[in-house]
*Asks:* 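The structure is given below, and queries will be raised subsequently.
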There are 2 protein chains.
Amino acid sequence: MTPSTPHPRDRGIPEATVARLPVYLRSLQSLHERGTPTVSSDALAASTGVNPAKLRKDLSYLGSYGTRGVGYDVEYLIYQVSRELGLTQGWSVAIVGIGNLGRALANYGGFGTRGFRIAALLDADTSVVGDRVAGISVGHIDTLEDVVAAERISIGVVATPASTAQSVCDRFVESGVTSVLNFAPVVLNVPTGVEVRKVDLSIELQILAFHEQRKADGHLSPGWIEPQDDTS
Amino acid sequence: MTPSTPHPRDRGIPEATVARLPVYLRSLQSLHERGTPTVSSDALAASTGVNPAKLRKDLSYLGSYGTRGVGYDVEYLIYQVSRELGLTQGWSVAIVGIGNLGRALANYGGFGTRGFRIAALLDADTSVVGDRVAGISVGHIDTLEDVVAAERISIGVVATPASTAQSVCDRFVESGVTSVLNFAPVVLNVPTGVEVRKVDLSIELQILAFHEQRKADGHLSPGWIEPQDDTS
DNA sequence: CCGTGTGAAACGTTTCACAGCT
DNA sequence: AGCTGTGAAACGTTTCACACGG
């Protein structure tokens, strides 16, 4: 996509790096709260479970924000990573499907704190509409289009059953939402230009089952731990 | 790790392939319910949103289960994929942390249906202990070690707040659990041989924010969709 | 002297293109 | 004739190893 990027400053950060920046950010914030002023790539790598060289390469895509012989200034790096991820501006989020999962998401502290504002909760079930969840009144799904426009929603979260996920997604897209986070166990079809990320609880379990089976394949002891040191 | 694999039959399926098998499986099951007897790689690829060549390569790691000129037998392929993922045997799962997320997980239909049995729900909060969630009585976290042994738990799910996630994980590992699914926003440290998978709600949002920002960078129209067809 | 920043090598994954089977 | 299975090329990611600067 975008075969010839017209803009001169296309820093082109690799997707794999983008996916790790939030992890670094969390570790940096934790260091900052503990009053640590500076951190080396080795230390930050250890606390985030990645290879130090990888961490340095990742950060180098953002610019040269470290000091040789010293490390990285924690506060400054927090700002740079936040800015790169787009967390210095606020993003309005709407969650559709206020079952247990929707409630968990609405109450999840990590959302409100950094850059994200839960602007609306919607559900199709009229017995749920009007409930207050995380201090927000649940609206009816029929108002989706109005809410997206009025609240300038930029990220739509689909936490509905599988059967209604695609239609909710379609309505988000038609209303102009170009980023969707999908928790329903279906593949959502969207036009090019719309970003979908999927979080699938049962897929993760199945991947674990695969590895668990492999472990059990050779030696039959169930709780066996390889006697090696943890070099992550 | 495992520098020289001692077992002769090390089929060595790529990690990327393993992560996609559950997606294929879901699509296949849906086809099966609709009575479709056979499916081509192109059709299955379209319904799962992957490249047909990739799908064929993925399936070829399991063996030659297709018929040239015809496609794949849906029922037979379901069996082969299930077996490879280890879903033909039952896995007992324990969920620790019965807040909204833990409840959502416990009630999630996808778990019970295929290969997984929720054998225990545990929480530290005594006002939650004794509640019935998804037909299971919530136990106290102090009984974790006993429950893991008695129920032969092979997968531990951590749905606690970040502050207690590591200690719960440690107790799982000490009890012999070698697969952990972590929903808490922390990096869990485990010895070699223990598999951890992380599901992090806020990280996914941050990745979306990054892409949303990039879209807004050049052209300033917020709800813009690239006029191309969907070749996924 | 220590730790960052980065070419270059190694590795893994995706995609192409077509040979080969039904 | 049609679709799978797969070498080989293209691409992306990780890791190594060291030059360079504070």
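Residue numbers start from 1 in every chain, and the chains themselves are labelled A, B, ... in the order their sequence lines are given, proteins ahead of strands. Just the heavy atoms: all of them, side chains too, but no hydrogens, waters or symmetry mates, feed the values below. On a predicted model such as this, the values are computed, not experimentally measured, just so you know.
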*Asks:* Nearest-Å distance, CG (A:Leu62) to C1' (C:dT6)?
*Replies:* 15 Å
*Asks:* Tell me whether the OP1 or OP2 atom of D:dC3 has a side-chain N or O from B:Ser41 closer than 4.0 Å.
*Replies:* no
*Asks:* Tell me which of B:Gly66 and A:Thr67 sits closer to the 5' end of DNA chain D, going by the nucleotide each one is nearest to.
*Replies:* B:Gly66
*Asks:* In this structure, how many angstroms lie between the C1' atom of D:dT6 and the OH atom of B:Tyr65, rounded?
*Replies:* 17 Å
*Asks:* Tell me which nucleotide among D:dC16, C:dC16, C:dT22 gets nearest to the side chain of B:Ala53.
*Replies:* C:dC16
*Asks:* Which listed nucleotide (D:dT15, D:dT13, D:dT4) is nearest to the side chain of A:Glu15?
*Replies:* D:dT13
*Asks:* Quickly work out the B:Asn51 CG to C:dA17 P distance and round it to whole Å.
*Replies:* 12 Å
*Asks:* Would you indicate whether the side-chain heavy atoms of A:Val96 and A:Leu144 approach each other to under 4.5 Å?
*Replies:* yes
*Asks:* Regarding A:Lys215 and A:Glu212, does a basic nitrogen lie under 4.0 Å from an acidic carboxylate oxygen?
*Replies:* yes
*Asks:* Write down the distance between CG (A:Asp73) and P (C:dG3), rounded to a whole number of angstrom.
*Replies:* 16 Å
*Asks:* Tell me the interatomic distance from B:Asp58, atom CG, to C:dT13, atom C1', rounded to whole angstroms.
*Replies:* 10 Å
*Asks:* Going through the checks in order, is the side-chain hydrogen bond (donor to acceptor under 3.5 Å, both in side chains) test met by B:Arg56 and B:Ser60?
*Replies:* CA-CA 6 Å; B:Arg56 287 201 300 278; B:Ser60 78; over 6 Å; no
*Asks:* Mind checking whether B:Thr38 and B:Tyr72 have side chains closer than 4.5 Å, heavy atoms only?
*Replies:* no
*Asks:* How close or far is atom P of C:dC11 from atom NZ of A:Lys54, stated in whole angstroms?
*Replies:* 15 Å
*Asks:* Compare the minimum distances between each of C:dG5, D:dC3, C:dT13 and the side chain of A:Tyr72, then state the nucleotide with the smallest one.
*Replies:* C:dG5
*Asks:* Counting just side-chain N and O atoms, does B:Arg56 come under 4.0 Å of either OP1 or OP2 of C:dC18?
*Replies:* no
*Asks:* I'd like to know if A:Arg68 reaches the base of C:dT4 with its side chain such that a donor and an acceptor end up less than 3.5 angstrom apart.
*Replies:* yes
*Asks:* Between P on D:dT14 and CG on A:Leu59, what's the gap in Å once rounded to a whole number?
*Replies:* 14 Å
*Asks:* By nearest heavy atom, map A:Ser60 and A:Gly69 onto DNA chain C; which one lands nearer the 5' end?
*Replies:* A:Gly69
*Asks:* Side-chain N or O of B:Ser64 less than 4.0 angstrom from OP1 or OP2 on D:dG5?
*Replies:* yes
*Asks:* Which one, C:dG7, C:dT13, C:dT14, comes nearest to the side chain of B:Pro14?
*Replies:* C:dT13
*Asks:* Taking the side chain from B:Gln213 and the backbone from A:Glu84, do they hold a donor-acceptor pair closer than 3.5 Å?
*Replies:* yes
*Asks:* Return the value, rounded to whole Å, for the distance between atom CG of A:Asp42 and atom C1' of C:dC2.
*Replies:* 10 Å
